[in-house]
Amino acid sequence: MLAFKAQNKRLNLLLCSMIGINVLFVLWTLFYSAIIVCDDIEHLRAAYFISIGDVPYRDFFEHHHPLLWYVLWPLIKILPHSTIWSIYIGRALSLLVSFGTGYYFYQIMRRFIGGKTVALLAIVLYFASMPAWASLINIKPDIYMRLFYFMGLYYLFSYFRYQKQRDLCICGVAWTIGFLFLQTITLDVLPLVLPVGWFIYKNPAKIKDFVTAAILPLLLLMAFCGVLYYGGAWETYFESNWLFNNRLSNFLSSQSQRKYLVLFADIIFMAFAGVIYYLQRSRKTKIYVASLILLCGWELLQRGFWVALFSQYFIMFFAFAAMIIAPLLYKVLRRYPFSIYLFIIFVILHILFNWLCKRPFVFSEQAFYYLEKNNVPLEQTYGLNCTIYQPHKTYYWMLLDVETLHDIYYNRGTNYDINRLLSDENIRFYCNPSFRNSIILQEKLEKMYDLTAAQKEILLRHKIDNVFFEQNYHPIENPKGLFEKKSAAANSDNH
């Protein structure tokens, strides 16, 4: 027993050290780089629009839920008008939220699955995926949604064990707040209908607990809908967040990268092994374990058969897979102590491999960094990555491909014409980091759908004229996706 405790203590120390090293990596990315910079800009800029009196969905295009922008709004009002420092502070806030997510992740594993060491193993496994740890600082609603999702999951499991009404109420409120950050939480909650249904079947008298716990979430949702209706944004909200996102998901699923299923094959294989271990260990699988298996399988099905355009779409799968793999891995490490070295090598190689496959963006290569350091007037710029502190010129202001699809179906951009905007003499700098990809996706969109004459005209207004663009704009050498008007550059040289 003493030898076992000493072995556990050494293993816990090693795991804590590995987590500490990963946290240092995250802090480095906080100030140096990130996986996706354009998402940071998008949500900070949406918060800026709100700070100057705009109403989401009604006055400017968005297809995410709005709570993140209202959380960031006070920061935007207080902070000096510096895109660079706004991103630093926004990322620091995201990191704090991610620590909260880690806390509930750890507590779920420690209290309901396998104890302290298994919980630490699960966290290390989760960090083995670069998209997972690099996303901890992104300024995205996903970060905040995950906090309230795992908080709700923790209290749901606590209710299953202790059957206290308070835990179920907290679970409902947490998931509702998560929903106000990002609507995709509904997909992550959906598989839990089965274990909840099983629990009610076994404890029919407890159905009143669920009815009571639903009251406050329903009131919050009614208030949310009332605010949208009062602000004149209900119609465009429902259109952009539900009808359009459904169309967008179908479009993106046709572009999904199945290569990620191969890239993460080792994690998928180990998750299957973890499931087999759980099922063999006991004929009577606990409701917590059954819930995690359902969630992991559901995430993998979504990524395999629906949308998997980018590696960060797998983050929730990584979390559930780590939870399932950790108990099996703990058993292996206990039985074969030398295997700890193989585990360390696996974690290091996995991080390095992911890093080489997708190098993070570098701050100094971003358009906003270049423009701010060179004191370029905001009115001379156009494009998502130029700055946070610029009012939108038209209803559409974000990404060519996403907005094109929205305008084709809902015709909200009556005054939008990208080529007319770029021919404006005042627009000297244009930035779109995914410029070429946007053009390719627009061409695919044209081929995939049988567009009417009116829809083709809308597509043309969103599609940059390549001949015009190449004749009038040239790329800036260092920043990614930043172009300068040739005539403006020549005039500045003459002066």
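The model shown is predicted, which means the values in this text are computed figures rather than measured ones. These numbers come from the heavy atoms of this one structure, side chains and all, not from hydrogens, waters or symmetry mates.
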>> Applying side-chain contact (heavy atoms from CB on, under 4.5 Å) to M145 and D188, what does each step give before you reach the verdict?
In response: CA-CA 10 Å; M145 181 273 285; D188 298 314; 3.8 Å; yes
> Could you state the interatomic distance from NE2 (H43) to CG (L68), rounded to the nearest 0.5 Å?
Replying inline: 6.5 Å
> Is a side-chain donor or acceptor of N245 paired with a backbone partner of N241 at a separation under 3.5 angstrom?
Replying inline: yes
>> Looking at S94 and N138, would you say the former's side chain and the latter's main chain have a donor-acceptor pair under 3.5 Å?
In response: yes
> Pick one: which of H64, H63, H406, E62 meets side chain to side chain donor-acceptor pair (under 3.5 Å) with S240?
Replying inline: H406
> Looking at S135 and R146, what are the two nearest heavy atoms and their distance?
Replying inline: OG-NH2, 3.6 Å
>> Quick check: do L300 and F272 have side-chain heavy atoms less than 4.5 Å from each other?
In response: yes
> To the nearest 0.5 Å, how far apart are CD1 in I123 and CE in M323?
Replying inline: 9.0 Å
>> So for atom NZ, which belongs to K456, do other residues, nucleotides or ligands contribute more than 12 heavy atoms lying within a distance under 6.0 Å?
In response: no
> Does atom OH of Y106 have more than 12 heavy-atom neighbours, drawn from other residues, nucleotides or ligands, at distances under 6.0 Å?
Replying inline: yes
> Within a strict 4.5 Å, meaning less than it, do heavy atoms of the I137 and S98 side chains meet?
Replying inline: no
>> I'd like to know if the side chain of Q390 reaches the main chain of Y382, judged simply by a donor and an acceptor atom lying under 3.5 Å from each other, with no hydrogens or angles considered.
In response: no
> If you draw a 6.0 Å radius around CZ in F468, do more than 12 non-hydrogen atoms from other residues or ligands fall strictly inside?
Replying inline: yes
> Rounded to the nearest 0.5 Å, what separation is found between the CZ atom of F244 and the CD1 atom of I408?
Replying inline: 10.0 Å
> Do S86 and Y48 pass the side-chain hydrogen bond (donor to acceptor under 3.5 Å, both in side chains) test, and can you show the C-alpha distance, the side-chain angles, and the key distance before you say yes or no?
Replying inline: CA-CA 11 Å; S86 296; Y48 169 72; over 6 Å; no
> Is a side-chain donor or acceptor of K486 paired with a backbone partner of E470 at a separation under 3.5 angstrom?
Replying inline: yes
> Between Y395 and Y410, is the ring centre distance below 6.0 Å?
Replying inline: no
> Can you find a pair of side-chain heavy atoms, one from F368 and one from T381, that are under 4.5 Å apart?
Replying inline: no
>> Any side-chain to backbone donor/acceptor pair from Y144 onto L67? Under 3.5 Å, distance only.
In response: no
> What pair of heavy atoms forms the shortest contact from I143 to T101, and how long is it?
Replying inline: O-OG1, 4.1 Å
>> Give me the atom names and distance for the closest heavy-atom approach of M151 to Y104.
In response: CG-CZ, 3.6 Å
>> Can you give me the closest heavy-atom contact between W298 and L187, atom names plus distance?
In response: NE1-O, 2.8 Å
>> As an exercise, state the distance from OG1 of T387 to CD of E379, rounded to the nearest 0.5 Å.
In response: 11.0 Å
> With respect to D40, which candidate in R45, R91, K140 satisfies the salt bridge (Lys or Arg N to Asp or Glu O under 4.0 Å) definition?
Replying inline: R91
> Can you tell if the side chain of Y57 reaches within under 4.5 Å of the side chain of L228, non-hydrogen atoms only?
Replying inline: yes
> I185 and W175: which non-hydrogen atoms are nearest, and at how many Å?
Replying inline: CD1-O, 3.7 Å
>> With side-chain contact (heavy atoms from CB on, under 4.5 Å) as the criterion, how do W397 and E42 come out once you've worked through the C-alpha distance, each side chain's angles and the decisive distance to 0.1 Å?
In response: CA-CA 9 Å; W397 58 279; E42 174 193 343; 3.9 Å; yes
>> With a 4.5 Å cut-off on side-chain heavy atoms, are Y237 and H65 touching?
In response: yes
> Does Q380 reach the main-chain N or O of P377 with its side chain, forming a donor-acceptor pair under 3.5 Å?
Replying inline: no
> Is L93 close to L72 at the side-chain level, that is, under 4.5 Å between some pair of heavy atoms?
Replying inline: yes
>> Measuring from atom CD1 of I84 to atom CD1 of I89, what distance do you get when rounded to the nearest 0.5 angstrom?
In response: 12.0 Å
> Is the Lys NZ or Arg CZ of R247 less than 6.0 Å from the centre of Y409's six-membered ring, within 45° of the axis?
Replying inline: yes
> Are H392 and D54 close enough that some pair of their side-chain heavy atoms sits under 4.5 Å apart?
Replying inline: yes
>> Looking at E403, is its backbone amide N or carbonyl O close enough to the side chain of D407 to form a donor-acceptor pair, meaning the two atoms are under 3.5 Å apart?
In response: no
> What's the verdict on side-chain contact (heavy atoms from CB on, under 4.5 Å) for L156 and V196, showing C-alpha distance, side-chain angles and the deciding distance?
Replying inline: CA-CA 9 Å; L156 178 66; V196 167; 4.2 Å; yes
>> Using ring centroids (six-membered ring only for Trp), state whether F264 and F317 fall under 6.0 Å.
In response: no
>> When you measure from the side chain of T404 to the backbone of L459, do you find a donor-acceptor pair of N or O atoms at a distance under 3.5 Å?
In response: no
>> Would L371 and T83 count as a side-chain contact (heavy atoms from CB on, under 4.5 Å) here? Give the steps.
In response: CA-CA 10 Å; L371 296 172; T83 298; over 6 Å; no
> What is the distance from atom CZ of F105 to atom CZ of F320, rounded to the nearest 0.5 Å?
Replying inline: 9.0 Å
> Would you say I267 and F314 make side-chain contact, with heavy atoms under 4.5 Å?
Replying inline: no
> Heavy-atom count around Y416 OH within 6.0 Å, excluding the residue itself: above 12?
Replying inline: yes
>> For the backbone of N426 and the side chain of K485, can you confirm whether one donor and one acceptor N or O come within less than 3.5 Å of each other?
In response: no
> If every non-hydrogen atom of V71 is compared with every non-hydrogen atom of P74, which pair is closest and at what distance?
Replying inline: O-CD, 3.3 Å
>> Has N419 got a side-chain atom pairing as donor or acceptor with I464's backbone, closer than 3.5 angstrom?
In response: no
